[in-house]
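First up is the structure itself, then whatever we jot down about it.
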Amino acid sequence: MWIPVRLSHRIVRSQAGADPSVVSPLTHFRYTTMIPRILSSSLALLMMAIGTAQAGNADYRVWYFDDNGFHQEGDISAGPGASLVRPAWACGRRFTSPDYYRWVDEYGNTMSSANFSKDVHVWLPGAGCPYNALTIEYRDHSQTFPHQLGAGYMEISTSSGGGWIDAQGKIPACNCLPDFPIKFHANWSLVPSISVSLRADLADPRRQSVILPALRDLQTRVGDLAASLADRVALRRRTLLDGREASVRALEDAAQDALASASRDAASCTSAAANRQYATAYLACGRAEANVATASTLADAIQDSIAPQPGE
């Protein structure tokens, strides 16, 4: 006897008493083709939703007020972390070719945002400095960005370098350690490309079941990167930098914190994938990738601080 059964809004027929181990061609098609496509599409949407936030940028915050009391007006921090330490001679900080900014309220909501088109100077008040109040403007003075009422901070997203500037808007020459590379390990260049490839695999049902060894390798590489940076920082700190030691140490600490977070996220990614929680794994690997990118940008800032060129 044939019994009508509704499946996915279509009437198909199943035979009473049929062997349940025998899968009909239609059911086989649904489970081997349609469901993986649905899962792949969902993860693709997830990739689109978080791709911008996880691009290879570092997000700096220029603070106006902090309800939690951790930051004061004029503080500059890498993300929500501790404030960067301003050298005694500095009158502000340059962001070279930043990508965009957003004004953020006390709840973390974006109030407004726009792209930058050239270098930005954040001027801070101080003895001998040209501005007596926190001022954000283009380096060539062509446009200022006044504080938006109600915003706790401006977030500046950049994948380029920068550094502390003097009263003339220049980054003074230092030549403290001109031949000392901070980014000494090959994984600085390998990890980002490997991570991008693995996240694509996590979104592909055909690859998910065989990706675990590669994720474990990525986790090891991120850990090696963190250990390498710790070694380079320890070696760098044997040479004290006159007038900028505290400032460089703050950058070093922020970079190491970012890699510590990346290590934890990479471990979470591997664990989630081992439990077939692929969407969770995708997000965790994305966070690891973003934290490595932040650490890389901070490491570039360290390099700029210990060996800037005259006239910058």
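Because only heavy atoms are used, hydrogens play no part in the values below, and waters and symmetry mates are left out as well, while side chains stay in. Since the model is a prediction, treat every value here as computed from it, not as a measurement. Note that the numbering runs from 1 along the sequence shown for the chain.
A heavy-atom distance below 4.5 Å is not found between the side chains of R61 and H71. With a 4.5 Å cut-off on side-chain heavy atoms, I136 and T144 do not count as touching. Considering only heavy atoms from C-beta on, S159 comes within 4.5 Å of D99 through its side chain. Between Y100 and N115 there is a side-chain heavy-atom pair separated by less than 4.5 Å. Two residues are said to be in side-chain contact when any heavy atoms from C-beta on lie closer than 4.5 Å; L202 and L215 meet this criterion. The shortest distance between side-chain heavy atoms of Y138 and S117 falls below 4.5 Å.
Around atom CZ of R276, no more than 12 heavy atoms belonging to other residues, nucleotides or ligands sit under 6.0 Å away. Counted within 6.0 Å of CG on D67, heavy atoms from surrounding residues, nucleotides or ligands total more than 12; the atom is thus considered enclosed. Counting non-hydrogen atoms of neighbouring residues, nucleotides and ligands closer than 6.0 angstrom, the CG atom of D242 reaches no more than 12 such neighbours.
The two atoms that bring S305 and L251 nearest to each other are OG-CD1, 3.7 Å, heavy atoms only. The two atoms that bring P130 and W123 nearest to each other are CG-CZ3, 3.5 Å, heavy atoms only. The two residues S247 and W164 come nearest to each other via the heavy atoms OG-NE1, 2.8 Å. Listed here is the closest heavy atom pair of A272 and T280: CB-CG2, 3.9 Å. A pairwise comparison of heavy atoms in F70 and D75 identifies O-OD2, 4.5 Å as the closest pair. Closest of all the heavy-atom pairs between G69 and Q72 is O-NE2, 3.9 Å.
Between E245 and R236 there is a salt bridge, since a side-chain N of the basic residue sits under 4.0 Å from a carboxylate O of the acidic one. Taking the charged nitrogens against the carboxylate oxygens, D166 and R244 have no contact shorter than 4.0 Å, which rules out a salt bridge.
Among pairs with a residue in residues 216-284, those fulfilling disulfide bond (SG atoms under 2.5 Å apart) read C269-C285, at least two apart in sequence or across chains.
Aromatic rings of F145 and F116 (six-membered ring for Trp) have centroids within the 6.0 Å cut-off, being under it.
Using the six-membered ring where Trp is involved, F65 and H147 have ring planes that are perpendicular, over 60° apart on the 30 and 60° scheme.
Taking CG of D105 as the reference point, atom OH of Y153 lies at 8.5 Å (rounded to 0.5 Å). Rounding to the nearest 0.5 Å gives a distance of 4.5 Å between CD1 of I156 and CZ of F95. In this structure, OG1 in T135 is found 13.0 Å from NE2 in H121, a value given to the nearest 0.5 Å.
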Check: residues 178-187 side-chain donor-acceptor pairs under 3.5 Å, at least two apart:
unit_1 : atom_1 : unit_2 : atom_2 : d
K183   : NZ     : S296   : OG     : 2.7
K183   : NZ     : D300   : OD1    : 3.1
H185   : ND1    : N187   : N      : 3.0
N187   : OD1    : R221   : NH1    : 2.8

- Begin with the C-alpha distance, continue with both residues' side-chain angles, and end with the deciding distance and a verdict on side-chain hydrogen bond (donor to acceptor under 3.5 Å, both in side chains) for D119 and T96. CA-CA 5 Å; D119 293 355; T96 305; 4.8 Å; no
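Evaluation of the salt bridge (Lys or Arg N to Asp or Glu O under 4.0 Å) rule for D224 yields no partner, not counting sequence neighbours.
For the pair N275 (side chain) and S271 (backbone), a donor-acceptor distance under 3.5 Å is present.
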